[in-house]
There are 2 protein chains.
Amino acid sequence: MRMAEVSLKFDLTQDTLRYYERIGLIPPVNRNNNGIREYTEDNLRWVEFIKCMRNAGLPIEALIEYVNLFQQGDHTTQARKELLIEQREQLRLRIEEMTNTLARLDSKIENYGQGINRKEKELSRLTETEIG
Amino acid sequence: MRMAEVSLKFDLTQDTLRYYERIGLIPPVNRNNNGIREYTEDNLRWVEFIKCMRNAGLPIEALIEYVNLFQQGDHTTQARKELLIEQREQLRLRIEEMTNTLARLDSKIENYGQGINRKEKELSRLTETEIG
DNA sequence: CATTGACTTGGAGTTCACTCCAAGCGTTAA
DNA sequence: TTAACGCTTGGAGTGAACTCCAAGTCAATG
């Protein structure tokens with residue numbers, strides 16, 4: 001599969017695909033006789049995987065390291081596993097924090113729902129009491 | 001309270017505090033006779049609130065709009081509520097996506113745990129089957 | 001009275017993650 | 001055979017969100 005199609009398939013610009021490959025965020029894609037990238041199924045899986053992980057906020061640096069380890073072969077599986085465990089923990093923490101913030105927003109919206117508009121109530125929307 | 005202390009309290013640089021105020025991400029902070037910012041309790045609540053919302057990924061633009069509405073007074077409560085509801089929905093979606101990715105990481109790590117290292121297994125770590 | 005330290009301002013600089021550009025090449029269509 | 005198309009490359013440009021800087025003010029200290 002060529003860039004144009006991959007670009008459409010994953011909604012990433014061709015420039016972004018080239019950029020990801022250039023910085024090692026996805027492994028190199030083989031070229032045909034004319035030097036044109038031909039994405040294999042494996043390449044496509046990498047693109048999808050990286051897009052998913054980036055969307056979840058995993059740092060580019062960590063993902064580049066993961067790709068590097070992958071390319072070094074089977075003796076890096078332990079290191080890769082540790083990397084994933086670390087990133088999972090970071091992600092878990094981010095989700096936890098965001099879930100707390102979501103609850104705080106719920107509470108704030110709830111307060112607006114009560115039709116309050118007095119000064120002290122207005123201010124209370126900013127206090128931490130509403131998340132406690 | 002002065003900048004230095006606020007900066008320590010919330011782990012935001014003084015430059016960032018000034019920047020947030022400059023772009024309207026927090027309402028203006030009153031100055032004393034010498035032109036120096038004196039943060040009130042309300043100011044501190046705003047700083048904390050904005051930091052929390054930014055950490056959760058709410059867009060700066062939306063938060064500036066929220067602060068603007070707040071400063072326009074009580075007749076904007078409905079608009080503020082709608083803004084918060086919209087942002088809550090966006091946040092909910094982000095959390096959902098990230099939770100799916102977390103499950104995918106769990107599954108990937110699980111696979112590494114089985115001590116597999118054959119080619120086809122290696123590749124399977126990239127497939128979507130592991131999240132299904 | 002000079003220096004130090006904490007602040008002020010406007011504006012320039014930095015980093016990240018793309019995004020765009022110019023020049024060039026190989027295949028297809030007229 | 002000329003043109004268009006889709007790709008190639010290295011490198012420059014962009015926007016967001018800070019981050020830093022220079023020049024200046026004011027109050028307190030030696």
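Note on naming: letters A, B, ... go to the chains in the order of the sequence lines (proteins, then strands), and numbering restarts at 1 for each one.
Of the candidate nucleotides dT8(C), dA17(D), dC7(C), dA17(D) has the atom lying nearest to any side-chain atom of Ile60(B). The side chain of Arg54(B) lies closest to dC18(D), out of dC18(D), dC18(C), dC7(D).
Rounded to whole Å, atom P of dA17(C) lies 17 Å from atom CG of Leu17(A). One interatomic measurement links the two molecules: CE of Met1(B) to P of dC7(C), which rounds to 12 Å at whole-angstrom precision. At whole-Å resolution of the value, CG in Asn32(A) and P in dC25(C) are 17 Å apart. Regarding Ile36(A), its CD1 atom lies at a distance of 4 Å from the C1' atom of dC7(D), rounded to whole Å. When the P atom of dT8(D) is taken as reference, atom CZ of Arg31(A) falls 6 Å away, rounded to whole Å. In this entry the distance linking CZ of Arg2(B) with P of dC7(C) reads 6 Å, nearest Å. Atom CD in Glu21(A) sits roughly 15 Å away from atom P in dC18(C) (whole-Å rounding). In this entry the distance linking OH of Tyr39(A) with P of dC7(D) reads 10 Å, nearest Å.
Of the residues near DNA chain D, Thr16(B) and Gln14(A), the one whose nearest nucleotide (by heavy atom distance) lies more toward the 5' end is Gln14(A). For the pair Tyr19(A) and Met3(B), nearest-nucleotide mapping onto DNA chain C gives the more 5' position to Met3(B).
Between Ile26(A) and Val67(A) the shortest heavy-atom distance is C-CG1, 4.2 Å.
By the rule that hydrophobic residues join a cluster once side-chain heavy atoms approach within less than 4.5 Å of another member, Ile109(A) and Ile95(B) end up as members of one cluster.
By the 4.0 Å N-to-carboxylate-O rule, Arg31(B) lies close enough to Glu21(B) to be salt-bridged with it. A salt bridge does not link Arg104(B) with Glu97(B): none of the charged nitrogens is closer than 4.0 Å to a carboxylate oxygen. Here Arg2(A) pairs with Glu38(A) in a salt bridge; the nearest charged N to carboxylate O distance falls below 4.0 Å. Under the 4.0 Å criterion applied to side-chain N and carboxylate O atoms, Glu96(A) and Arg92(A) are assigned as salt-bridge partners.
By the neighbour-count criterion of 12 heavy atoms within 6.0 Å, atom CG of Asp11(B) is sparsely surrounded, having that number or fewer from other residues, nucleotides or ligands.
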Under 4.0 Å protein heavy-atom contacts per nucleotide of nucleotides 23-28 of chain D, with B for base, S for backbone only and - for none:
---SS-

Report, one pair per line, the protein and nucleotides 20-23 of chain C atoms (nitrogen or oxygen only) whose separation is under 3.5 Å.
| from | atom 1 | to | atom 2 | distance (Å) |
| --- | --- | --- | --- | --- |
| dC20(C) | N4 | Asp15(A) | OD1 | 3.0 |

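Atoms SG and CE, on Cys52(B) and Met98(A) in that order, are 11.0 Å from each other to the nearest 0.5 Å.
For dA17(D), the OP1/OP2 oxygens have no side-chain nitrogen or oxygen of Tyr20(B) closer than 4.0 Å. Between Arg37(B) and dA6(C), a side-chain N or O to OP1/OP2 separation shorter than 4.0 Å is absent.
In this structure, Ile23(A) reaches neither bases nor backbone, as no heavy-atom distance under 4.0 Å exists between it and the strands shown.
Using the six-membered ring where Trp is involved, Tyr66(B) and Phe49(B) have ring planes that are tilted, between 30° and 60° apart.
Between the side chain of Lys51(B) and the backbone N or O of Phe10(B), at least one donor-acceptor pair lies under 3.5 Å.
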